[in-house]
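Naming: A, B, ... by sequence-line order, numbering from 1 per chain. Heavy atoms only: backbone and side chains are in, while hydrogens, waters and symmetry mates are out.
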Amino acid sequence: MVAPEQPFRTLTGMHDLFDPDTARRRALVDLFATRAEQAGYREVRPPLLEELGVFQRLGEATDVVSKEMYEFEDKDGRRVALRPELTAGVVRAFVQHHPPTPWKVWYAGTSFRRERPAKGRYRSFDQVGVEVLGVDDPDLDVEVLALAWSTVRELGLRDVRLVVNSLGDGDDRRNYTDAVAAFLHSRRSDLSEAAVATSERNPLRVLDTKRPEDRAVIADAPSIAEFLSPDSVAHLDRVREGLRALGVPFTEDDRLVRGLDYYRRTTFELVADSLDAAQNAVGGGGRYDGLAEDLGGPPTDGIGFALGVDRLFLACDAEGVFPAPEPVLDAFVVDTTGGGAARDLVHELREARLAADRRYGGGSLRSQMKSADRSGARWALLVGTDELAAGVVTVRDLRTGAEQETIARAELVGALLQRLAPTAGTGRDGSDGRDDEREGTRT
RNA sequence: GUGGCCGUAGCUCAGUUCGGUGAGAGCGCCAGGUUGUGGCCCUGGAGGUCGGGGGUUCAAAUCCCCUCGGUCACCCCA
């Protein structure tokens, strides 16, 4: 092995995450998981790697499929791809295992798209989301939208809007797409070159262009409302009614089409007005009633959404909400007698479920106290030659700077636990082991 | 994929215009001032392939070319 010419580093568009960010991310997933499980959803974790075909159902004409996937040939000669989103894999899992319906699942995980990175958009990104398969009832749409809305609200975000639309059922969508294509064709001389190109392979995508000159043309385009079947209209009406009943505010936008081909009927986005238009969609989702069938399963209704973690946090930063949780450390042991006392005491504290740390390599009392200060610990527990000889520990409260006290070594842990009792159970979290994948963004 | 801007210490950056005095500051880190006490203050110290490669030159962090990377915008996506 020859050393690299330059040190290794992360791939373009991929980032290492460290403490404040990782803690914040975990807090978000905990919050989301709690809400989802309270609503009857259970966690699902499809693999990061799937057969390429699973994702091609997102739409051959979409950039996600045509050029942004990390796809390659496995050593078996099989075409595989890193997932560019989670819905397709979840639906594939449904088709493969045919669990009883309704199947309500939530997830938190990483996906990959080989795009040029930009603010709030990276090649490796995290999303949290839910999917429900096997339910046609529009009241479920209401539940799902409400869950997305509540999550965003619980984060503390206020400058976020819920935007809703319906693309109609498969026939409605096809008819509408044809009408839009015809319209764009008739006005192609007024459209930008890029818009004309897009209109030829994916007409609906042109509807949410951000280019001003195209927007003017789009304003005259037919509305989906004119193409909805009576059933689709009834479905949408019931969704509206439900959202109003729940007090979930929303606006409607008949130009909201979303990027992937599988969407049917209800579609929605969460738009953060605190962010620039280029990255203001912090989440979105909708129905995908035909997807299970496309993946080889029985016709099954489906709906879901995903929230983009990176963008959600951009919005949180913009509004100054949902900061990373502070780490808690109860005690920092300072030992000037050689380290044995610190070694034993720290272990004993941890076994008693107290958060404890120490410094290695010795050092003067002063320097160890500095470490204790920086650690953010509530108490410094001092063991010097005097304490060691007397079988006691000096306890100093680093937050108040009040008088320090001497406690018998044998009674120390019990005394500290007692002191924490009034606030026990808050903020402390012994468990956990969210593992390999991180959590994350986007639909 | 296209374009703009940017890569100097762990971090934030000055120095680059008009090449030339020993590569700097703040923060952070380590140690000491205070030989048993953190935060404030003072002093000292460690730490740098000036992204990488090539070129021009007596001389390059500074000029030129290539390259890698970051960032932002567009495309696209969400």
>> Suppose the criterion is salt bridge (charged side-chain N to carboxylate O under 4.0 Å, His left out): which pairs have a residue in residues 103-112 of chain A, not counting sequence neighbours?
In response: A/K104-A/E143
>> Using heavy-atom distances to pick each residue's nearest nucleotide on RNA chain B, tell me which of A/K370 and A/R114 is more 5'.
In response: A/R114
> For the pair made of CG in A/D373 and C1' in B/G39, what is the distance, rounded to whole Å?
Replying inline: 5 Å
> Across all strands shown, which nucleotide pairs with B/A14 by Watson-Crick or G-U wobble geometry, both distances under 3.5 Å?
Replying inline: none
Write out a two-atom table: protein N or O, nucleotide N or O from nucleotides 69-72 of chain B, distance below 3.5 Å.
| residue | atom | partner | partner atom | Å |
| --- | --- | --- | --- | --- |
| B/G69 | O2' | A/R9 | NH2 | 3.0 |
| B/G70 | OP1 | A/G13 | N | 3.4 |
| B/G70 | OP2 | A/T12 | OG1 | 3.2 |
| B/C72 | OP2 | A/K119 | N | 3.1 |

> How are the rings of A/F94 and A/W103 set relative to one another: parallel (under 30°), tilted (30 to 60°) or perpendicular (over 60°)?
Replying inline: tilted
>> Ignoring hydrogens and geometry beyond distance, is the side chain of A/E68 in donor-acceptor contact with the base of B/G1 at under 3.5 Å?
In response: no
> Can you list the residues that meet the side-chain hydrogen bond (donor to acceptor under 3.5 Å, both in side chains) rule with A/R24, with sequence neighbours excluded?
Replying inline: A/D317
> Expressed in whole Å, how much space separates the C1' atoms belonging to B/U49 and B/U8?
Replying inline: 12 Å
>> Can you see whether A/T266 engages A/D141 through a side-chain donor-acceptor pair at a distance of less than 3.5 angstrom?
In response: yes
> Roughly how far apart, to the nearest Å, are B/G52 and B/A60 at atom P?
Replying inline: 15 Å
>> According to salt bridge (charged side-chain N to carboxylate O under 4.0 Å, His left out), does anything in residues 365-376 of chain A pair up with another residue at least two apart or in another chain? List the pairs.
In response: none
> Which whole-number value in Å describes the distance from A/E85 CD to B/A78 P?
Replying inline: 8 Å
> Is there a Watson-Crick or G-U wobble partner for B/A31 with both distances under 3.5 Å, and which nucleotide is it?
Replying inline: B/U43
> Taking RNA chain B as the partner, which of residues 358-366 of chain A come within under 4.0 angstrom of it by heavy atom?
Replying inline: A/R359, A/S364, A/L365, A/R366
>> Between B/U37 and B/U12, how far apart are the two P atoms, rounded to whole Å?
In response: 37 Å
> How far does the C1' atom of B/A78 sit from the matching atom of B/C29, given to the nearest Å?
Replying inline: 42 Å
> Cation over ring, A/R358 on A/Y360, under 6.0 Å and within 45°?
Replying inline: yes
> CD of A/E387 versus P of B/U37: gap in Å, rounded?
Replying inline: 12 Å
>> Run the side-chain hydrogen bond (donor to acceptor under 3.5 Å, both in side chains) test against A/R123 and tell me which residues pass, sequence neighbours left out.
In response: none
Check nucleotides 27-29 of chain B for protein N or O atoms closer than 3.5 Å to its own N or O atoms and list the pairs.
| residue | atom | partner | partner atom | Å |
| --- | --- | --- | --- | --- |
| B/C29 | OP1 | A/R374 | NE | 3.1 |
| B/C29 | OP1 | A/R374 | NH1 | 3.3 |

Determine all donor-acceptor pairs shorter than 3.5 Å in which one atom belongs to a side chain in residues 176-184 of chain A; sequence neighbours excluded.
| residue | atom | partner | partner atom | Å |
| --- | --- | --- | --- | --- |
| A/Y176 | OH | A/P222 | O | 3.0 |
| A/T177 | OG1 | A/R173 | O | 2.6 |

> Atom CG of A/N280 to atom P of B/C77: distance rounded to whole Å?
Replying inline: 15 Å
> Could you state the CG-P distance from A/L388 to B/G36, rounded to the nearest angstrom?
Replying inline: 15 Å
> Quick one: side-chain hydrogen bond (donor to acceptor under 3.5 Å, both in side chains) partners of A/R161, sequence neighbours excluded?
Replying inline: A/D273
> Is there a donor on the side chain of A/Q368 or the base of B/U37 sitting less than 3.5 Å from an acceptor on the other?
Replying inline: no
> To the side chain of A/M369, which of B/A31, B/G36, B/G38 is closest?
Replying inline: B/G38
> Is any NZ, NE, NH1 or NH2 atom of the basic residue among A/R409 and A/D344 found under 4.0 Å from an Asp or Glu carboxylate oxygen of the other?
Replying inline: no
> Taking the same atom, P, in B/U16 and in B/G10, what whole-Å distance lies between them?
Replying inline: 23 Å
> If pairing requires Watson-Crick or G-U wobble contacts with both distances under 3.5 Å, which nucleotide is the partner of B/C74?
Replying inline: B/G1
> Quantified in whole Å, what is the P atom distance between nucleotide B/G48 and nucleotide B/A9?
Replying inline: 10 Å
>> Taking B/U67 as the reference, what is the distance to B/C40 when you measure between their C1' atoms (whole Å, please)?
In response: 49 Å
> Residues two or more places apart in sequence or in another chain: which of them pass side-chain contact (heavy atoms from CB on, under 4.5 Å) with A/D253?
Replying inline: A/V163, A/R255, A/L256
> Can you find an N or O donor on one side and an acceptor on the other, under 3.5 Å apart, linking the side chain of A/R311 with the base of B/A78?
Replying inline: yes
> Rounded to the nearest Å, what distance is computed from the CG atom of residue A/D310 to the C1' atom of nucleotide B/C77?
Replying inline: 14 Å
> Closer to the 5' end of RNA chain B via nearest nucleotide, is it A/S371 or A/T385?
Replying inline: A/S371
>> If I pick the P atom on B/C30 and the same atom on B/G47, what distance separates them, to the nearest angstrom?
In response: 16 Å
> When the distance from OH of A/Y262 to C1' of B/C77 is rounded to whole Å, what number comes out?
Replying inline: 12 Å
> Quick one: side chain to side chain donor-acceptor pair (under 3.5 Å) pairs with a partner in residues 146-155 of chain A, sequence neighbours left out?
Replying inline: A/R35-A/E154
>> Apply side-chain contact (heavy atoms from CB on, under 4.5 Å) to residues A/Y41 and A/V105 and explain how you reach the verdict.
In response: CA-CA 5 Å; A/Y41 294 74; A/V105 294; 5.7 Å; no
>> I need the CZ-P distance between A/R255 and B/A78, as an integer number of Å.
In response: 19 Å
> How would you list, by chain and number, every residue that makes a side-chain hydrogen bond (donor to acceptor under 3.5 Å, both in side chains) with A/D294, sequence neighbours excluded?
Replying inline: none
> Across all strands shown, which nucleotide pairs with B/C58 by Watson-Crick or G-U wobble geometry, both distances under 3.5 Å?
Replying inline: B/G20
>> From the set B/G36, B/A78, B/G39, return the single nucleotide nearest to any side-chain atom of A/R113.
In response: B/A78
